[in-house]
Structures are given as C-alpha cells and as structure tokens.
Amino acid sequence: MRQLLASARYIMFLPALSNVLAALVLMIYSAKQTLFIILELLSKTITLGKVPKVTLFKTAISFIEIVDIMLLATVILICGLGLYELFIGGLKLPNWLSIRNLDDLKEKLIKSVIAVIAVQFLVAVVHNDSNLLSYGAAISMVTVALAIFTNLSHSAKKKLQAEDEVYKTEKVIKHILHRHQDSAEQPQNITSIHPQSDRRAS
C-alpha cells in the first residue's frame, strides 16, 4: 500500500508534460507571428521604399503583444518544470530556475505573473485605452498585493531557517556538554577502582 501511494506522485507527470507542451505551442505561435510581421514589414519597405509611421507603430504594438505571449509561455513552462522537480525528480536546470519546494515555485510564478501584468499594462497604454486609469489602479493593487505576499513568505522562510539553525546549534552544544560531562566523570570512576584492586592484591 505504501509503495502504491508513493508511486501516485507520478500522476504529476501529466500536468507537467501538459504545461511544457502548452508553453511549446505558445512559443511556436509567437515565433510564427514574429516571422510574419517581419516579412510584412520587409515587403512594405521594398514596395514603398520607406515604412510609414503608422505601420511602425502597429508593428511595435504587435511585438509587445508577442512578448506578452512569450512571457505567458514562460510562466506555464516554469510551472511544468516545477511540478516535475517537486514530485518526480530533479532536472539539470540553471540555479535561478531550481525549485526545491512549493515556496520557490510560488515565488517564481508570482514574479513571472507581475512581468506579464506589466506588459499587459504597456499594451493598454499603447492602445490608449479609455479606462487606463482604473486599469492601472487595479494592476497596481494586484502587484502590491503580490509583492507583499512574496515579502511575507520570504521573511517567514528566513525566520524558519533561523529557528532551524538555532535548534541545530543548541543540539550541537548539548552534545558537546554531554561528552564533556562524560569525560569529566570518567577519571573519578577510574580512581574508585584502584583501592579495590589494591585490596585484592593484598
């Protein structure tokens, strides 16, 4: 039964693989859109001899939207890799991407989500959205809330690590004191044996 429950962690291979495939699809779509935009810009440059400012502006907006899609793909990829590392096994990943627990996964996802929100706001600014003020206020509130949550989690993690270090230090000190006490009691036991041995000898 224990082995069956332990092997149940391999169920997480499905969502991990699904996230990686979803990220791959988004990245392929982003690369295809980027190629189409570049080809369209080159064709207009060749036919017109120069590129109108309106076309450049629309091209810049398209590239910003593509960056947003790529960031979203990155978030999904991090989630997939994190689930695999947490439940199945370690991967050869860069140090900044290594995920040891759920707190690491949440922290990386929150940072990626904040980046996606920032790009979304930039798209809204470029499009000159009529509700830009309320949209910006909502984004600011969400970003501040996520930042506060990340800082609280980080401080709580540091506190737990400090308490763990104190506990380990106290344990080492107790072990040293116990050994020192044993070594201090040992000569007394040896001296108490000498009179008995002298009596037997006599």
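Values reported hereafter were calculated over all heavy atoms of this structure, with side chains retained and with hydrogens, waters and symmetry mates removed.
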Chemist: If I compare all heavy atoms of C79 with all of L105, which pair ends up nearest, and what's the gap?
Modeler: CA-CD1, 4.2 Å

Chemist: Compare every heavy atom of L83 with every heavy atom of M12, then report the nearest pair and how far apart it is.
Modeler: CE-CD2, 3.8 Å

Chemist: How long is the span from the CG atom in L146 to the CE atom in M141, to the nearest 0.5 Å?
Modeler: 11.5 Å

Chemist: Decide yes or no for V67 and L122: does some side-chain heavy atom of the first lie under 4.5 Å from some side-chain heavy atom of the second?
Modeler: no

Chemist: Taking atom CZ as the centre, does F63 end up with more than 12 heavy-atom neighbours from other residues, nucleotides or ligands that are less than 6.0 angstrom away?
Modeler: yes

Chemist: Are M70 and I114 connected in the hydrophobic side-chain network, where two residues link if heavy atoms are under 4.5 Å apart?
Modeler: no

Chemist: Closest approach of A23 and A73, non-hydrogen atoms and distance?
Modeler: CB-O, 3.3 Å

Chemist: Distance from L26 atom CG to L21 atom CG, nearest 0.5 Å?
Modeler: 11.0 Å

Chemist: Quick check: is L86 connected to F13 through a chain of hydrophobic side chains (ILVMFWY, heavy atoms under 4.5 Å apart)?
Modeler: yes

Chemist: Specify the closest pair of heavy atoms between G136 and F121, including all atoms of both residues, with the distance to one decimal.
Modeler: CA-CE1, 3.4 Å

Chemist: Grab the two heavy atoms, one from Q120 and one from Y135, that are nearest each other, plus how far apart they are.
Modeler: CB-OH, 3.6 Å

Chemist: Tell me whether I117 shares a hydrophobic cluster with V125, the cluster being built from Ile, Leu, Val, Met, Phe, Trp, Tyr side chains joined at under 4.5 Å.
Modeler: yes

Chemist: Counting heavy atoms not belonging to L133, are there more than 12 under 6.0 Å from its CG?
Modeler: no

Chemist: Indicate if V116 and I78 have the same hydrophobic cluster label, given that clusters are the connected sets of ILVMFWY residues with side-chain heavy-atom separations under 4.5 angstrom.
Modeler: yes

Chemist: Are N19 and L77 close enough that some pair of their side-chain heavy atoms sits under 4.5 Å apart?
Modeler: no

Chemist: Enter the distance from I76:CD1 to S18:OG here, rounded to the nearest 0.5 Å.
Modeler: 11.0 Å

Chemist: Transitively linked via ILVMFWY side-chain contacts under 4.5 Å: V25 with M27?
Modeler: no

Chemist: Within the structure provided, determine whether F36 and E40 are in side-chain contact (heavy-atom separation under 4.5 Å).
Modeler: no

Chemist: What distance do I64 atom CD1 and T59 atom OG1 have between them, rounded to the nearest 0.5 Å?
Modeler: 11.0 Å

Chemist: Starting at NZ of K44, measure out to CG of L41 and round the result to the nearest 0.5 Å.
Modeler: 8.0 Å

Chemist: L71 and V119: which non-hydrogen atoms are nearest, and at how many Å?
Modeler: CD1-CG2, 3.4 Å

